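Following: one structure in structure tokens, then a few remarks.
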Amino acid sequence: MEEFAVVIIGAGPAGGQCARRLAQQGVRVLLVEQHSNFSQNNYSSAASPLETMALFDLPPGVVARYWRNLAIAASESEQTWHSDQPQGVVFDFAKLRQFLADAVTEAGSQVWLGHRFSSYQQVGDGLEVNLRRSSKNSLGSESTEKVEKITVKTHVLIDATGSKRAVINYGQPKVTDDSQYYRGIGTEYLITVDEAIHKRFADTLVFFLGYRWSPQGYSWIFPMDDGQLKVGTAIFAGQHRYLGKLEPIRSYTEAIIRDYLKLEKDQYHLEEIHGSVLDYAVNQGDTYHRGSVLAIGDAVSTVNFLGGEGIRHGMQGANIAVPFVLDYLRGDQQAFRKYEQAMKSHFAEPWQRTEKLSQRVYLEFGDRQIDLGVTYLSYLRYEDVLDLLFHYRFDRIYGGITPLLLKKVAQFSQQCRRWFRKLLP
């Protein structure tokens, strides 16, 4: 039986970054991924601000496209901000995860693709982790599937399975109280378009709000390379204050392709459709650790529920976890409790604020409120809009009130002058 200091289940950005950092510290790590290659789960939208590259020391090869411009479209209004310089990236999700996995093996640790987590049990001073690997054997016209069971031993087991929480919740009663989680449902189309259409959107992120485009959520167009665009929609589960029954989520994505991009079905090629469900714990009420089992990434709700961005935050959560894993391996039995405290110190206050705001924007706001909000954003500088969207710095909003008020006062003053002129002989 092979033995590792740390076994990480899930080779997404959080799991890959955690394994990379630990392996580079000389820890013997096993990174486990259920798919046989990273192109099989190449689903994340993966837009991020430019600073993410330097923050996690990422190479240009993981980028599908750099973006400069930002647009926000509501039902009756649209605002666009332009820049001459790149402001962010859209990752090639498969290449990003492959890069992280390669860094793990280069540092002397192991990555096992095509292996699924099955169970674990405490044995002595460590854990035995049970995995299974499937392979197909073909004999003539028939094929059979062979399932191989593999057990490894570890001192620390890390759950990076995302909101499935497959490891941290193993052996625990299933949560039936929906009030413990917010739920988001997303779908995304990867389409290939002609050169003229791609050129229009090649440098721009477009977000959509409002009943016309994305009732009870938001939608997006993200540029990719090779003439491709990602067009998607996220819907937030719950009953909207004004809306009735929603259409199937794909209908909103298709409406953006048809009515915003002005493309009929024979004018683009649909490469793939993918979707997922995200369960996000209210008030960071996740289980962060059980004994020597630790959860990272979306298993502890690091995705921001308002903006939906998860890659950068999942990797940041992994960075937070690494020193505490090292402390635990050195004998600090309280290390994982300190990890939970550090995570909540970093995420809880801004994330809880955006939780509440997401409920208002996506489940309570009327269409006019959303249109007015998008119009108001035009009074903000580009850097303030980026700070608002990617760093949740809502104080930036107030910086735009002054020019707005001044404009309203000037308009009112002009109206008063015209009124007095009419009164005077």
Side-chain angles (χ1 to χ4, degrees), residues 42-47 64-65 67-82 90 92-93 184-238 240 242-278 307-309 361-363 365-375 377-378 389:
N42 188 21
Y43 293 162
S44 176
S45 295
R65 196 80 192 179
W67 54 268
R68 296 184 290 106
N69 310 317
L70 177 68
I72 303 177
S75 295
E76 300 296 335
S77 62
E78 180 172 350
Q79 304 297 331
T80 303
W81 295 264
H82 298 277
V90 179
D92 184 309
F93 196 52
I185 305 165
T187 188
E188 187 174 62
Y189 288 29
L190 178 65
I191 63 174
T192 299
V193 297
D194 65 30
E195 183 178 354
I197 291 291
H198 189 262
K199 187 176 181 180
R200 280 176 53 200
F201 295 93
D203 302 312
T204 304
L205 296 187
V206 186
F207 293 98
F208 299 87
L209 296 168
Y211 298 175
R212 178 184 181 188
W213 302 116
S214 187
Q216 205 163 306
Y218 66 95
S219 299
W220 60 89
I221 299 174
F222 291 167
M224 300 291 286
D225 52 7
D226 300 325
Q228 295 181 336
L229 301 174
K230 285 187 172 183
V231 186
T233 300
I235 297 294
F236 291 79
H240 195 282
Y242 302 113
L243 296 173
K245 184 178 179 180
L246 299 179
E247 298 294 325
I249 188 171
R250 290 185 180 184
S251 67
Y252 301 112
T253 303
E254 291 171 358
I256 289 172
I257 296 174
R258 181 184 65 248
D259 300 332
Y260 190 86
L261 293 176
K262 306 294 184 184
L263 294 175
E264 298 299 329
K265 289 188 176 180
D266 61 350
Q267 294 178 300
Y268 65 92
H269 185 265
L270 179 59
E271 303 293 341
E272 64 181 29
I273 302 175
H274 48 263
S276 63
V277 175
L278 174 72
E309 187 194 0
V361 172
Y362 300 129
L363 296 180
F365 276 15
D367 214 26
R368 178 169 171 75
Q369 287 174 286
I370 294 174
D371 271 306
L372 287 173
V374 172
T375 300
L377 290 177
S378 66
L389 294 181

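On a predicted model such as this, the values are computed, not experimentally measured, just so you know.
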Heavy-atom closest pair, residues [X] and [Y]:
| X | Y | answer |
| --- | --- | --- |
| Ile370 | Val361 | CD1-O, 4.2 Å |
| Ser214 | Thr233 | OG-CG2, 3.7 Å |
| Leu229 | Pro223 | CD2-CA, 3.9 Å |
| His198 | Met224 | NE2-O, 2.8 Å |
| Glu78 | Ala71 | OE2-CB, 4.1 Å |
| Ile256 | Ser219 | CD1-CB, 3.2 Å |

### Query
Should the pair His240 and Tyr211 be assigned to parallel (<30°), tilted (30 to 60°) or perpendicular (>60°) ring geometry?
perpendicular

Can you give me every donor-acceptor pair (side chain of residues 199-210, partner residue at least two apart or in another chain, under 3.5 Å) with its distance?
residue: Asp203; atom: OD2; partner: Arg68; partner atom: NH2; Å: 3.1
residue: Thr204; atom: OG1; partner: Asn69; partner atom: ND2; Å: 3.3

Would you confirm whether [X], through its side chain, and [Y], through its main-chain N or O, come within 3.5 Å as a donor-acceptor pair?
| X | Y | answer |
| --- | --- | --- |
| Gln216 | Phe236 | yes |
| Ser75 | Arg212 | yes |
| Tyr218 | Tyr362 | no |
| Ser77 | Ala74 | no |

### Message
For Glu271, give me all partners under side-chain contact (heavy atoms from CB on, under 4.5 Å), at least two apart in sequence or on another chain.
### Response
Leu190, Thr192, Gln228, His269

Rounded distance [0.5 Å steps], [atom1] in [X] versus [atom2] in [Y]:
| X | Y | atom1 | atom2 | value |
| --- | --- | --- | --- | --- |
| Ile235 | Leu246 | CD1 | CG | 5.5 Å |
| Leu263 | Tyr268 | CG | OH | 7.5 Å |
| Ile257 | Ile197 | CD1 | CD1 | 11.5 Å |
| Ile185 | Ile249 | CD1 | CD1 | 6.5 Å |
| Leu372 | Leu377 | CG | CG | 11.0 Å |
| Leu70 | His82 | CG | NE2 | 10.0 Å |

Just wondering, do [Y] and [X] contact through their side chains at under 4.5 Å, heavy atoms?
| X | Y | value |
| --- | --- | --- |
| Ile72 | Leu389 | yes |
| Glu188 | His274 | yes |
| Phe222 | Arg65 | no |

### Query
In this structure, are over 12 heavy atoms from other groups packed under 6.0 Å from Glu272 atom CD?
yes

### Message
Can you tell me if Glu76 has over 12 outside heavy atoms packed within less than 6.0 Å of its CD?
### Response
no

